[in-house]
Asks: 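Please find one structure pasted underneath; my questions will follow.
Residue numbers start from 1 in every chain, and the chains themselves are labelled A, B, ... in the order their sequence lines are given, proteins ahead of strands. All values below were derived from every heavy atom in this structure, side-chain atoms included, with hydrogens, water molecules and symmetry-related copies excluded.
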Number of protein chains: 2
Amino acid sequence: MASKSQIRREQLREKLVEAAERRIARDGLNELRARDLAGDAGCAVGAIYNVFEDLNAIVMAVNGRTFLQLEQAVAASFDGTEPPVQRLIAMSTAYLRFAEANTRRWRALFDLQMRADDPVPDWYRDALKGLFSYIAEPVGQLFPEMDPEELDLMTRALFSSVHGIVTLGLENRISGVPPEQIERMITQIMSGIGNK
Amino acid sequence: MASKSQIRREQLREKLVEAAERRIARDGLNELRARDLAGDAGCAVGAIYNVFEDLNAIVMAVNGRTFLQLEQAVAASFDGTEPPVQRLIAMSTAYLRFAEANTRRWRALFDLQMRADDPVPDWYRDALKGLFSYIAEPVGQLFPEMDPEELDLMTRALFSSVHGIVTLGLENRISGVPPEQIERMITQIMSGIGNK
DNA sequence: GCGGTAACTTGAACGCGGTTCATTTGTGAG
DNA sequence: CTCACAAATGAACCGCGTTCAAGTTACCGC
């Protein structure tokens, strides 16, 4: 039987993660406060630590959801019939759109890892692997005689490039590129690849 | 006359920046502490705030130096006689080498902007402009009939791509790519561009 | 039901770290 | 030498994540 404690415990976890998700989406990771979360969830500050290791663990839970949504958005962006370069562009654009529409949550996805000292959790590496595998397929079609190791490198290189373009592009404080141009940058890079 | 106070003031600024530079290089931006800096510089904590607006201002001063060194490293990586793609690869590799050799200082260059709320200072935008102009030249050679606006986009796209590859590449917690492979990723992307 | 123990909840308190401020110390013109 | 003003000092303030002693609730064998 799921004891009453277990139920409450699970409900509290859920409330905390939802509150954190809302607050991250609204105010950004930097503005997340333990006391605010406790207030939202209707529990004492200390209760958080019965249910989660620390604040990072909550953010990690939020990141897990976000990563799933991101993966779905990318997966939904192509039907498999497009030529490889088209598909790469479609996926990249989906990545961009997701980052635009969920900037703060998307940024939390990477900001947390950059800061924390503890090892990256398995599900995180797996989620990235999942994204990579979407990219690997069209890349494989484009370069049939490339050996697997080099294909893997190319896959990561393309992901990193798109990620860099989107990251700096959305940080208009630094780059100052209007959003609609970001898509063109992606296209420029991706079409270059096709013409080896 | 430069009053005794003015001298001391300038010396303190210098000592603080040097201490911050050493500490960032050794322990990373996250471990920087006002009290440690005061200890290094042989002054009281409060004295820092007579001489700098806040801690960020010191980091900014460090970043200014780092950016200069980065620009020099990129500038020294080519002699102008190489074909455009070669030159792009040489500059990108120089960027990578600099980031490898000065990881924590290089990361501070971008981490600070991502966090702070106050506007990016002018010299920072200018330094980036400087880097961009190095890239713009070979790009212009590669695509003589491209209009200026698109050339600018391509320039930023290439910088962002390399930046993304280096960033994720050096964060081996996330990507797990051995350093010597990062250079190959850059080459893959850059040579793709050349064959439009 | 009943009592006892284990688990949960609570919020005040701790520790850390950036920043401030009343007080002390130093500077330089008259 | 003196006085007014500037600079230096470090204790104190405040915000915030985390902990903990004390109080409360849930669970189980009787």
Asks: Which whole-number value in Å describes the distance from A/E10 CD to C/dA7 P?
Replies: 18 Å
Asks: Base, sugar-phosphate, or nothing: which does A/L12 touch, judged by heavy atoms less than 4.0 Å apart?
Replies: nothing
Asks: Among C/dC8, D/dC16, C/dT10, find the nucleotide with the atom closest to the side chain of A/R33.
Replies: D/dC16
Asks: Any idea which heavy atoms bring B/L32 and B/R23 closest together, and the distance?
Replies: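 Nearest pair, atom of B/L32 first, then B/R23: CD1-CB, 3.7 Å.
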Asks: Mind listing the side-chain donor-acceptor pairs of residues 42-57 of chain B below 3.5 Å, one per line with the distance, residues two or more places apart or on another chain?
Replies:
residue, atom, partner, partner atom, Å
B/D54, OD1, B/N56, N, 3.2
B/D54, OD1, B/A57, N, 3.1

Asks: With a 4.5 Å heavy-atom cut-off, do B/F132 and B/D152 have their side chains touching?
Replies: no
Asks: Should B/R65 and B/E18 count as side-chain neighbours, where that means a heavy-atom distance under 4.5 Å?
Replies: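 B/R65 vs B/E18: side chains touch.
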Asks: Apply side-chain contact (heavy atoms from CB on, under 4.5 Å) to B/R125 and list each qualifying residue two or more places apart in sequence or on a separate chain.
Replies: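 Residues passing side-chain contact (heavy atoms from CB on, under 4.5 Å) with B/R125: B/V120.
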Asks: Do any side-chain atoms of residues 93-102 of chain A form donor-acceptor pairs under 3.5 angstrom with protein atoms, and if so which ones, sequence neighbours left out?
Replies:
residue, atom, partner, partner atom, Å
A/T93, OG1, A/I89, O, 2.7
A/Y95, OH, A/W106, NE1, 3.2
A/Y95, OH, A/H163, ND1, 2.8
A/R97, NE, A/E100, OE1, 3.3
A/R97, NH2, A/E183, OE1, 2.8
A/N102, OD1, A/R105, NH2, 2.9
A/N102, ND2, A/F98, O, 2.9

Asks: Nucleotides 19-22 of chain C: which of its N/O atoms have a protein N/O under 3.5 Å away?
Replies:
residue, atom, partner, partner atom, Å
C/dT19, OP2, B/Y49, OH, 2.8
C/dT19, OP2, B/L55, N, 3.2
C/dT19, O4, B/R35, NH2, 3.4

Asks: Pair up each side-chain donor or acceptor in residues 139-149 of chain B with any protein partner under 3.5 Å, not counting sequence neighbours, and list the distances.
Replies:
residue, atom, partner, partner atom, Å
B/Q141, OE1, B/R87, NH2, 3.4
B/D147, OD2, B/E149, N, 3.3
B/D147, OD2, B/E150, N, 3.3

Asks: Pull out every residue in residues 18-30 of chain A that has a heavy atom closer than 4.0 Å to any atom of DNA chain D, ordered by number, or say none.
Replies: none
Asks: Is there a donor-acceptor contact under 3.5 Å from the side chain of A/E71 to the main chain of A/Q69?
Replies: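 Not at all, since once roles are kept as given, no pair shorter than 3.5 Å links the two residues.
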